Amino acid sequence: MIKSPRYLYENSIDLFLQENNNAVLGALCANYHGDALTTTREAWENEIRILKDALYLWKYSNGRIVFEYDIPRLGKRIDVVVLLNGIVFCLEFKVGETKILEKDVDQVLDYALDLKNFHKFSEDRIIVPILVATNYKKHSTFIQKSVYDDRVVNPLVTGEKGITNLIEEVLKFYPDENKIDENWVISPYAPTPTIIEAARTLYENHSVENITRHEADKVSTDATISYILEIIKRSKEKGEKSICFVTGVPGAGKTLVGLDVAVKQTYEDDGSLSDEGAVYLSGNGPLVAVLNEALAKDNYDKCKARGENKKLTDSRREVSKFIQIIHRYRDNMLAKIKNPVVNGILEIDEEKAVKMKDSGFGEVEHIAIFDEAQRSWTHKRLADYLKRGGTYGNKLKVPNFPMSEASFLIWSLDQREDWATIVCLVGGGQEINTGEAGITEWIKSLNEIFTHWKVYISPQLTEPEYAEGRVKELLQDNKQVTYDERLHLGVSLRSYRAEKLSGFVHSLLALNSDAPSIYAEIKDKYPIVLTRDMEKARRWLHDKVRGTERIGLLITKESARYKPLGVHVLGSDDKNAVHWFLDDKTDVRSSNYLEDAATEIQVQGLELDYACVLWDADMRYKDGKWHYYRFNQTNWKELIPDTESKQDQMQYMLNAYRVLLTRARIGMVICVPEGNGHKTPSGFWEDSTRLPDYYDGTYQYLKSMGFEEI
């Protein structure tokens with residue numbers, strides 16, 4: 001039995017029945033990332049016991065059983081899959097449950113449909129979803145195809161005693177199925193034409209501008225998209241590998257460009273499906289979650305208005321064809337390598353991967369669009385992470401991983417034997433987490449490892465925000481480089497705000513003397529006001545907002561003393577970001593309520609109409625420069641730039657304010673608290689963590705910009 005991060009346990013039914021229950025449980029626990037909760041272990045114990053009884057009838061079959069199977073690249077896990085007589089049985093267990101709940105039936109059906117739509121070796125199989133509520137006293141008696149008419153059976157329900165009978169009835173109903181591919185458990189991810197067509201319709205009927213709120217001049221955006229498509233066409237015709245670096249100011253439409261390329265590249269000029277699929281990938285979990293949910297809900301609402309019978313989960317499934325978390329793409333490729341790595345060289349393990357006709361051991365897409373490419377991980381961060389082990393529930397340990405995330409992503413596309421194109425969407429000066437490599441790692445990989453790749457690059461990538469302004473120097477000896485202005489998203493007078501605001505924020509944070517004069521140019525078009533009172537800030541936002549415009553509070557993740565101001569920080573779960581960005585004024589989880597503040601992690605890549613940036617004592621202006629502090633529950637401790645790590649941390653903190661100050665489309669208020677200047681009767685500070693001195697210098701510096709005070 002080959003250990004794989006795609007499942008926690010896999011075996012023939014025969015050997016599973018012979019194996020000691022504790023040995024099966026031990027394998028599940030050993031392959032699980034972290035400590036399995038008591039409830040999880042108890043559920044596994046029950047599932048093992050129940051299935052040993054239920055499957056005994058097929059002791060001498062060629063069937064196989066898989067526990068905790070990970071559907072490739074979707075981040076979903078099926079409790080148990082049984083492969084028997086050419087049929088795929090998906091079992092979802094609700095241990096101890098006595099009732100059949102609609103949400104549980106929907107869950108197991110969704111798993112079956114995900115396999116049908118994204119799992120290459122399941123696309124032409126009969127798939128049978130079974131909900132097992134262990135204490136339920138009845139079981140389904142009628143087997144029929146689902147309304148999708150795609151060889152997926154309508155969900156069946158049973159208690160633990162009815163599993164054998166159900167499987168028997170299904171096998172009688174479908175007696176002549178062909179043998180399942182022996183590589184089913186390591187099947188490639190491959191969206192079916194049906195799901196691709198549905199995704200295309202979904203995307204083309206939605207105005208993504210409503211999500212991204214981009215302000216780029218349409219001609220510039222179209223020119224960028226056209227040029228990228230030219231590069232893709234050239235790469236295909238010449239059998240080349242190519243990479244494009246696209247730059248643009250905040251709000252310039254980088255996300256829109258990425259999504260448009262992903263959609264347009266999936267179709268021929270005549271509208272027919274192409275075999276040159278593309279995928280939009282981002283490491284930004286909140287951004288992916290918000291984009292997915294916004295597109296899916298919009299599609300669901302439109303279908304409902306037309307009287308179509310469609311579930312929200314169907315729309316979500318269609319969106320996931322084009323928009324995915326980059327870590328799952330990465331992890332799917334990691335599952336294919338020889339482990340441990342020998343001599344620092346990555347190699348494909350042919351027992352863990354299936355070689356396809358065109359893609360080789362690569363993924364199905366020829367084109368991958370990586371949003372926020374500057375946030376890819378350094379070699380050290382990725383190596384440390386994989387040394388500890390852990391990718392979404394499995395202990396995938398690679399003790400001596402040799403590459404940065406950028407190098408590995410290029411390596412992944414390089415596994416295609418025909419051609420490939422990578423599109424990197426790059427934000428300047430927006431690395432905001434420890435271990436984010438910036439653009440330097442991409443260039444280093446292209447210079448040292450992937451020298452056969454053609455490099456197409458925006459001239460703006462040579463500016464100071466990118467790789468400390470060393471891009472041209474780093475690429476000077478690379479003969480594969482082409483610079484082209486079309487890879488920078490220019491903006492028209494209509495989006496004057498985005499271009500000038502970005503320049504102003506850069507000057508403000510860089511402490512440049514021209515910052516006030518730049519603000520003077522934009523203040524009539526883009527108001528920025530200053531206050532020391534959070535209630536005044538909230539009132540200003542409420543007075544400004546009209547109709548469906550969106551307002552919200554923003555704060556850095558290093559901020560610490562916001563509770564006295566009646567502010568809470570939004571929880572880190574991506575679902576919280578979805579509610580914050582998408583729910584309307586009737587839902588208290590919405591950003592419009594101005595109760596929960598989102599951090600730079602949650603808002604990067606997304607925008608509001610008006611925002612309040614709450615400036616805490618983590619970054620302070622004093623004596624003509626910025627000082628950086630971290631809070632340790634009792635006091636603030638200043639960061640001294642005596643190590644490279646601390647210097648990086650200070651840069652991330654500066655970049656965090658850069659992100660927050662460029663999130664609002666129409667205007668913003670900056671609140672720098674007054675602090676607490678009161679003393680106790682005995683002469684001590686009431687709150688030594690919020691002294692006025694921590695804030696006054698920052699307030700005076702911002703006041704010197706010419707902001708109106710309220």
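It should be emphasised that the depicted structure is a prediction, and the values quoted were computed from it without experimental measurement.
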> Kindly state each residue pair satisfying side chain to side chain donor-acceptor pair (under 3.5 Å) with at least one member in residues 104-116, sequence neighbours excluded.
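Listed by first then second residue: Lys76-Asp114, Glu92-Gln107, Lys94-Gln107, Asp106-Lys311, Gln107-Tyr111, Asp110-Thr313, Asp110-Arg317, Asp114-Arg317.
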
> Please indicate whether Glu350 has more than 12 foreign heavy atoms, meaning atoms of other residues, nucleotides or ligands, lying under 6.0 Å from its CD.
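No - once you tally the heavy atoms of other residues, nucleotides and ligands closer than 6.0 Å, there are 12 at most.
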
> Just so I know, are the side chains of Asn62 and Ile13 near enough to count as touching, which here means a heavy-atom distance under 4.5 Å?
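The answer is no, as the side chains (C-beta and beyond) never meet within the 4.5 Å cut-off.
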
> State, with a plain yes or no, whether a side-chain heavy atom of Ile130 is found less than 4.5 Å away from one of Val108.
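The answer is no, as the side chains (C-beta and beyond) never meet within the 4.5 Å cut-off.
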
> Could you report the tightest heavy-atom contact between Pro399 and Pro340, atom names first, then the distance?
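Scanning both residues completely, I find the closest heavy atoms to be CG-CB, 4.4 Å.
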
> Looking only at side-chain N and O atoms, does Tyr9 offer a donor or acceptor that is under 3.5 Å from a partner on Glu19?
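Their side chains do contain a donor-acceptor pair, which is all the 3.5 Å distance test asks for.
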
> Could you walk me through whether Phe408 and Leu346 pass the side-chain contact (heavy atoms from CB on, under 4.5 Å) check?
CA-CA 9 Å; Phe408 183 64; Leu346 291 185; 3.5 Å; yes

> If the threshold is 4.0 Å, N to carboxylate O, is there a salt bridge linking Asp384 and Arg388?
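Salt bridge flag = no for Arg388 with Asp384.
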
> Report yes if the side chains of Glu168 and Leu57 come closer than 4.5 Å at any heavy-atom pair, otherwise no.
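They are in contact (side-chain heavy atoms under 4.5 Å apart), so the answer is yes.
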
> At their closest point, which heavy atom of Lys172 faces which heavy atom of Pro175, and how far apart are they?
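Of all heavy-atom pairs spanning Lys172 and Pro175, the closest is O-CD, 3.5 Å.
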
> Quick one: do Arg6 and Glu68 satisfy salt bridge (Lys or Arg N to Asp or Glu O under 4.0 Å)? Show the steps, please.
CA-CA 8 Å; Arg6 292 278 289 275; Glu68 299 292 335; over 6 Å; no

> Flag the pair Asp573 and Lys575 as a salt bridge only when some basic side-chain nitrogen lies within less than 4.0 angstrom of an acidic carboxylate oxygen.
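Lys575 and Asp573: not salt-bridged.
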
> Atom NZ in Lys585, atom OG in Ser591: separation rounded to 0.5 Å?
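Lys585 NZ to Ser591 OG: 10.0 Å, rounded to 0.5 Å.
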
> Is any side-chain heavy atom of Phe89 closer than 4.5 Å to a side-chain heavy atom of Val81?
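Not touching, per the 4.5 Å side-chain cut-off.
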
> Please give me the minimum heavy-atom distance between Val80 and Glu47, naming the atom from each residue.
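Where Val80 meets Glu47 most closely, the heavy atoms are CG2-OE1, 4.0 Å.
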
> Is Lys336 salt-bridged to Glu363, cutoff N-O under 4.0 Å?
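Salt bridge: yes.
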
> Between His119 and Tyr69, is any side-chain donor less than 3.5 angstrom from a side-chain acceptor?
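On atom types as modelled, these side chains qualify, holding a pair under 3.5 Å.
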
> Does the pair Asp14/Lys59 count as a salt bridge with the N-to-O cut at 4.0 Å?
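The answer is yes: the pair qualifies as a salt bridge.
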
> Within a reach of under 6.0 Å around CD of Glu182, are more than 12 heavy atoms found that belong to other residues, nucleotides or ligands?
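Atom CD in Glu182 is not crowded, with 12 or fewer foreign heavy atoms closer than 6.0 Å.
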
> Hey, could you give me the NZ/CG distance between Lys103 and Leu131, rounded to the nearest 0.5 Å?
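Between Lys103 NZ and Leu131 CG, I get 9.5 Å after rounding to 0.5 Å.
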
> Could you work out, with side-chain hydrogen bond (donor to acceptor under 3.5 Å, both in side chains) as the rule, every residue matching Asp79, not counting sequence neighbours?
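Here no residue qualifies.
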
> Of all heavy-atom pairs between Gln602 and Gly571, which one has the smallest distance, and what is that distance?
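Where Gln602 meets Gly571 most closely, the heavy atoms are NE2-O, 2.9 Å.
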
> Taking CG in Asn309 as the centre, count heavy atoms belonging to other residues, nucleotides or ligands within less than 6.0 Å. Is the count above 12?
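No, CG of Asn309 has 12 or fewer neighbouring heavy atoms, counting only those of other groups under 6.0 Å.
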
> Could you walk me through whether Thr164 and Trp58 pass side-chain contact (heavy atoms from CB on, under 4.5 Å), step by step?
CA-CA 10 Å; Thr164 304; Trp58 295 280; 3.9 Å; yes

> Minimum heavy-atom separation for Ser412 to Tyr329, with atom names?
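Answer, listing the atom of Ser412 first, then Tyr329: CB-CE2, 4.2 Å.
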
> Quick one: do Arg330 and Glu405 make a salt bridge, cutoff under 4.0 Å?
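The answer is yes: the pair qualifies as a salt bridge.
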
> Quick one: CD1 on Ile100 to OH on Tyr136, what's the gap to the nearest 0.5 Å?
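OH of Tyr136 is found 5.0 Å from CD1 of Ile100.
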
> Answer yes or no: is there a side-chain heavy-atom contact under 4.5 Å between Glu372 and Leu287?
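Yes; the side chains approach each other to less than 4.5 Å.
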
> Checking side-chain hydrogen bond (donor to acceptor under 3.5 Å, both in side chains) for the pair Asn299/Lys310: CA distance, chi angles, key distance, verdict?
CA-CA 9 Å; Asn299 177 257; Lys310 188 173 188 177; 2.8 Å; yes

> Between Ile422 and Phe370, is any pair of side-chain heavy atoms under 4.5 Å apart?
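Yes, close enough: below the 4.5 Å cut-off.
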
> Could you list the residues that satisfy ring-ring contact (aromatic ring centres under 6.0 Å, His included) with Tyr189, not counting sequence neighbours?
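Partners of Tyr189 by the ring-ring contact (aromatic ring centres under 6.0 Å, His included) criterion, ordered by chain and then number, come out as Phe118.
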
> Please state whether the rings of Trp377 and His327 are parallel, tilted or perpendicular, taking 30° and 60° as the class boundaries.
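Taking His327 first and then Trp377, their aromatic rings sit tilted (interplane angle of 30° to 60°).
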
> Can you tell me how far CG of Leu606 sits from CG of Leu291, rounded to the nearest 0.5 angstrom?
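Answer for the CG-CG pair, Leu291 versus Leu606, is 6.0 Å.
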
> In plain terms, say whether Lys321 and Glu318 are close enough for a salt bridge, that is, a side-chain N and a carboxylate O under 4.0 Å apart.
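So Lys321 does not pair with Glu318 through a salt bridge.
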
> Can you tell me if NZ on Lys297 sees more than 12 non-hydrogen neighbours from other groups inside 6.0 Å?
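Atom NZ in Lys297 is packed in, count exceeds 12.
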
> Hey, does Asn339 have a side-chain heavy atom less than 4.5 Å from the side chain of Asp349?
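Result no, sub-4.5 Å side-chain heavy-atom pair not found.
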
> Let's go through Asn284 and Gln604 carefully: what are the C-alpha distance in whole Å and the side-chain angles of both, what is the deciding distance for side-chain hydrogen bond (donor to acceptor under 3.5 Å, both in side chains) to 0.1 Å, and is it a yes or a no?
CA-CA 8 Å; Asn284 183 338; Gln604 192 171 42; 4.7 Å; no

> Supply the atom-to-atom distance Gln144 CD to Asn154 CG, rounded to the nearest 0.5 angstrom.
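So the gap between those two atoms works out to 4.5 Å.
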
> With a 4.5 Å heavy-atom cut-off, do Val279 and Ile367 have their side chains touching?
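No, side chains not in contact.
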
> As a quick check of understanding, evaluate salt bridge (Lys or Arg N to Asp or Glu O under 4.0 Å) for Arg589 and Glu595, giving each step before the final call.
CA-CA 8 Å; Arg589 295 170 296 183; Glu595 295 176 0; over 6 Å; no

> Scan side-chain atoms only and decide if Asn21 and Lys52 contain a donor-acceptor pair under the 3.5 Å cut-off.
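Indeed, the side chains of Asn21 and Lys52 share at least one donor-acceptor pair under 3.5 Å.
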
> Drop me the distance from Asn85's CG to Asn178's CG, to the nearest 0.5 angstrom.
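Rounded to the nearest 0.5 Å, the CG-CG separation comes out at 12.0 Å.
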
> Can you list the steps and then say if Tyr174 with Val153 is a side-chain contact (heavy atoms from CB on, under 4.5 Å)?
CA-CA 11 Å; Tyr174 296 103; Val153 173; 3.8 Å; yes

> Among Asn31, Leu51, Leu25, find the residue that satisfies the side-chain contact (heavy atoms from CB on, under 4.5 Å) test when tested with Phe67.
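Of all the options given, the one that passes is Leu51.
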
> Passes side-chain hydrogen bond (donor to acceptor under 3.5 Å, both in side chains), Asn592 versus Ser590? Steps please.
CA-CA 5 Å; Asn592 296 297; Ser590 163; 2.9 Å; yes

> Answer yes or no: is there an ion pair linking Arg316 with Glu293, defined by an N-O contact shorter than 4.0 Å?
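Yes, charged N to carboxylate O under 4.0 Å.
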
> If you apply the rule side-chain hydrogen bond (donor to acceptor under 3.5 Å, both in side chains), what do you find for Tyr7 with Asp70, and how did you get there?
CA-CA 6 Å; Tyr7 50 79; Asp70 188 49; over 6 Å; no

> At their closest point, which heavy atom of Leu84 faces which heavy atom of Ser61, and how far apart are they?
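Heavy atoms of Leu84 and Ser61 come nearest at CD1-OG, 3.5 Å.
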
> Parallel, tilted or perpendicular: which describes the rings of Trp44 and Tyr32, with under 30° parallel and over 60° perpendicular?
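Trp44 vs Tyr32 ring planes: perpendicular.
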
